[in-house]
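In the text below, chain A, chain B and the rest are named by the order of the sequence lines, each starting its count at 1.
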Amino acid sequence: MTEENSSLNFIEQIIADDLAAGLSPDKLRFRFPPEPNGYLHIGHAASICLNFGLGEKYNAPVNLRFDDTNPAKEEQEYVDAIKRDIQWLGFKWAIECYSSDYFQQLYDWAIQLIKEGKAYVDGQSAEAMAEQKGTPSTPGVAGPFRDLSVEENLNLFQRMKDGEFEQGSYVLRAKIDMTSPNMLMRDPILYRVVKKAHHRTGTDWCIYPMYDWTHGESDYIEQISHSICTLEFKMHRELYDWFLDQIIDPAKLRPIQREFARRNLSYTVMSKRKLLELVQSKTVSGWDDPRMPTISGLRRRGYTPESIRNFSDLSGISKRDSVTDVSLLEYCIREDLNKVATRVMGVLDPVKLVITNYPAGKTELLVSENNPEDPNSGTHELPFSGELYIEREDFKEEAGSNFFRLTLGNEVRLKSAYIIKGESVVKDTEGNILEIHCTADLDSRSGSGTEASTRKVKGTLHWVSIQHAITAEVREYDRLFLDEAPDSNEDKNFMEFVNPDSLKIISKAYLEPFLADAKVGDKFQFQRLGYFTLDKDSSAEKLVFNKTVGLRDSWAKQKPTPTAQSNPSNSQKSNPKPAQDQQVRSAINEIQKIAKKYTNLSGDKLAAARADIARLAEEVSYEELEPLFQTAAKKVGTRIGAMITLGVLLNKGQARNSEIEAFIAAGLSDENELLVEEAKVVGSGQ
RNA sequence: UGGUCUAUGGUGUAACUGGCAACACGUCUGAUUUUGGUUCAGAAGAGUCUAGGUUCGAGCCCUAGUAGACCAACCA
């Protein structure tokens with residue numbers, strides 16, 4: 001299926017190594033283990049695509065396991081949402097599992113640990129235990145419960161299970177090492193008392209196993225070969241292995257845990273706790289608010305499963321923390337939607353356009369391509385008349401030659417219709433434009449085959465016929481946060497960076513009537529504007545469209561941004577350094593650039609490069625050159641460039657000084673012949 | 001102050017047992033275009049955190065630094 005030639009990520013490398021070391025391919029099994037305490041987000045998508053992708057690649061089963069060991073936080077609603085999201089992404093799990101399925105087995109193993117003297121019940125306060133635990137740099141000490149007898153432990157644990165103790169009063173701990181440099185090994189808790197009904201086991205249990213005690217053992221029960229989690233669990237691996245050691249049957253497969261870096265996205269937050277805070281504070285309308293980085297939010301925004309999977313592929317997997325720029329996500333959705341979205345026209349900020357020479361009252365049906373990228377996509381009808389709306393932004397009474405749109409006296413094409421020419425404007429007393437009057441070249445109708453219909457004009461505008469247009473609400477979204485990494489600021493809460501203008505509602509946009517039949521989730525390209533999808537808030541009386549993402553817009557980059565809002569990516573601190581590439585490159589920089597690859601050249605190219613450097617050197621001052629004398633020894637090319645430049649300067653009368661002599665001397669004794677040669681020339685040439 | 005991990009263009013990832021640092025996004029040109037979209041052609045941008053060492057040869061191996069992340073929840 002997947003090509004063998006593409007390079008493996010480090011997880012795949014590990015698997016390949018295990019296979020090479022004798023692991024049977026049919027033992028391969030993976031799992032995706034979410035806690036049902038929130039909605040899945042784009043970061044989870046990385047894990048989902050990794051695990052299920054591995055399943056597809058190796059033809060191995062992938063379990064979906066709900067890690068539901070904390071009834072205080074988990075709910076059925078989240079289980080349902082998670083399943084829906086994974087299915088929507090297009091993945092199929094082998095078995096739907098729950099950690100709670102293993103409560104009895106886990107309990108039995110805990111009893112075994114107690115009997116072996118490897119676990120004990122502790123009745124101290126959380127504070128007392130934390131005290132004894134020490135700190136990362138100071139070892140912990142044993143508490144008074146550590147040496148209870150097996151009988152006493154068995155008795156106390158039974159009473160914990162029977163509900164005799166209050167929440168928070170007793171815990172079961174593993175007896176490992178209170179002085180371990182790994183805090184997790186300092187007698188971690190296995191069980192705590194939680195008197196709350198569980199979404200699946202109800203009130204069967206009042207003691208619940210902790211993550212560490214549960215996870216590895218669950219992997220073992222399910223015979224997961226590779227248990228892949230995020231980097232923050234790296235420290236847990238030692239414990240994971242210790243727990244496995246206690247119960248493992250050597251005849252069975254032993255799971256291994258491996259960790260990869262969490263995926264962060266710029267201008268958003270990605271922890272469930274923070275996303276929950278956004279929901280609960282009503283900053284957003286819910287987990288599926290289109291501004292949320294949740295799978296459900298992205299789906300509602302108009303993202304496709306393909307785009308998200310592709311994003312995960314392109315992002316890659318590694319072990320270092322990183323922040324992927326949203327531009328990659330936007331690229332992925334544009335690329336997908338460009339192929340599949342039906343082209344339509346809609347005007348968001350209308351101004352009236354009257355075609356004075358179009359017969360009054362006449363209407364006609366034009367033909368509009370559904371998607372020029374897909375020859376099989378067909379066409380739809382598009383009503384035209386003498387009174388239209390166009391985008392207010394698409395008209396200026398006068399403009400420079402780089403404005404390709406409608407001005408007085410200039411021609412543009414109305415997409416799929418006629419070429420028109422701006423003639424005059426009607427204004428109100430305050431000077432606001434009420435109507436634009438123009439004339440059409442009635443011979444130029446698109447597709448009519450006339451000579452006029454194939455004329456080239458500089459611009460093409462989208463439009464909508466006033467009498468035929470339908471109206472809709474359109475919601476445009478900007479990034480939710482103004483900071484590139486809102487949750488990584490030392491002393492500021494991420495909520496301080498919430499973008500107050502992340503939602504812009506256009507309550508009355510005018511759309512072509514074809515859109516009246518749109519269904520929730522349908523994807524459209526409003527030509528020249530962007531991609532839009534019909535939102536679930538739509539009703540028979542009122543359509544609501546979400547803007548998924550705008551089209552790439554090289555025009556927007558050229559014009560001075562009227563408000564910082566329209567292009568926040570440049571307004572924030574995103575570029576601490578000035579854009580170095582737009583400055584005029586100085587001669588010395590040019591020399592460095594050429595010299596960098598000098599040693600790779602030969603023959604004519606080498607001679608040409610040397611001539612270029614010598615020519616550029618004419619413009620270099622000694623003050624610019626001197627710092628290059630410090631160039632590291634291994635950057636030979638740069639040193640040669642500096643040597644050639646120095647020769648030119650000396651010929652121009654630059655006086656010799658100790659720095660120069662030292663640089664020449666160093667060049668003479670260098671191993672690189674080219675450098676030695678240049679040094680000789682410079683050293684001898686008076 | 002302890003332990004663990006990480007460090008490659010603006011961003012994200014490659015570079016097989018050491019052998020001319022590659023790909024994608026982004027940026028910039030030009031061509032095409034009835035979407036300032038798409039497509040096509042091209043360019044700029046990194047000597048791989050620093051300093052040493054091993055080697056004919058180091059992004060990769062070794063040593064010492066530096067920086068960042070993680071670890072002291074009865075969360076996962």
Which part of the nucleic acid does A:Q132 contact within heavy-atom distance under 4.0 Å: base, sugar-phosphate only, or nothing? nothing
Look through every strand shown and name the nucleotide pairing with B:A7 as Watson-Crick or G-U wobble, where both distances are under 3.5 Å. B:U66
For the base of B:G26 and the side-chain ring of A:Y331, does the geometry meet a stacking cutoff of under 5.5 Å between centres and under 30° between planes? no
I'd like to know if A:R455 pairs up with A:E411 as an ion pair, taking the criterion as any Lys NZ or Arg NE/NH1/NH2 lying under 4.0 Å from an Asp or Glu carboxylate oxygen. yes
Between A:D321 and A:R262, is there a side-chain N and carboxylate O pair less than 4.0 Å apart? no
Inter-nucleotide C1' distance (B:U29, B:G45), Å rounded: 15 Å
Once you apply a heavy-atom cut-off of 4.0 Å, does A:T135 come out as touching a base, just sugar-phosphate, or nothing? base
Name the nucleic acid region contacted by A:F403, choosing base, sugar-phosphate or nothing; use a 4.0 angstrom heavy-atom cut-off, strictly under. base
Pairing partner of B:U1 (Watson-Crick or G-U wobble, both distances under 3.5 Å): none
With A:K415 as the cation and A:W463 as the aromatic partner, state whether NZ or CZ is under 6.0 Å from the six-membered ring centre and within 45° of the axis. no
Start with the C-alpha gap between A:D394 and A:R528, add the side-chain angles, then the distance that decides, and say whether salt bridge (Lys or Arg N to Asp or Glu O under 4.0 Å) holds. CA-CA 11 Å; A:D394 282 342; A:R528 303 212 303 134; 2.3 Å; yes
As a test of reading the structure: which of B:G12, B:C74, B:A76 is closest to the side chain of A:E74, going by heavy atoms? B:A76
Minimum-distance nucleotide to A:Q527 side chain [options: B:A24, B:U4, B:U35]: B:U35
Taking any heavy-atom pair under 4.0 Å as a contact, classify A:K73: base, sugar-phosphate, or nothing. base
Which nucleotide in the list B:A76, B:U34, B:C74 gets nearest to the side chain of A:T460? B:U34
Nucleotide of B:C71, B:G36, B:U34 approaching A:P136 most closely (side-chain heavy atoms): B:C71
Look at the side chain of A:D325 and decide which nucleotide, out of B:A69, B:U34, B:U11, has an atom nearest to it. B:U11
A:R237 bridged to A:E259 by N-O distance under 4.0 Å: yes
Base B:G26 paired with A:E330 side chain (donor-acceptor, <3.5 Å): no
What's A:G447 touching, base or sugar-phosphate or nothing? Going by heavy atoms closer than 4.0 Å. base
By a 5.5 angstrom centroid cut-off and a 30 degree plane limit, is there stacking between A:W555 and B:G36? yes
Look through every strand shown and name the nucleotide pairing with B:U54 as Watson-Crick or G-U wobble, where both distances are under 3.5 Å. none
From C-beta outward on A:R413, which listed nucleotide comes closest to its side chain: B:U34, B:A76, B:G37? B:U34
From B:G37, B:A15, B:C5, nucleotide with atom closest to A:R552 side chain: B:G37
To the side chain of A:L328, which of B:A24, B:A69, B:U13 is closest? B:A24
Pairing partner of B:A31 (Watson-Crick or G-U wobble, both distances under 3.5 Å): B:U39
Would you say the rings of A:F233 and A:Y211 are close, in the sense that their centroids are separated by under 6.0 Å? yes
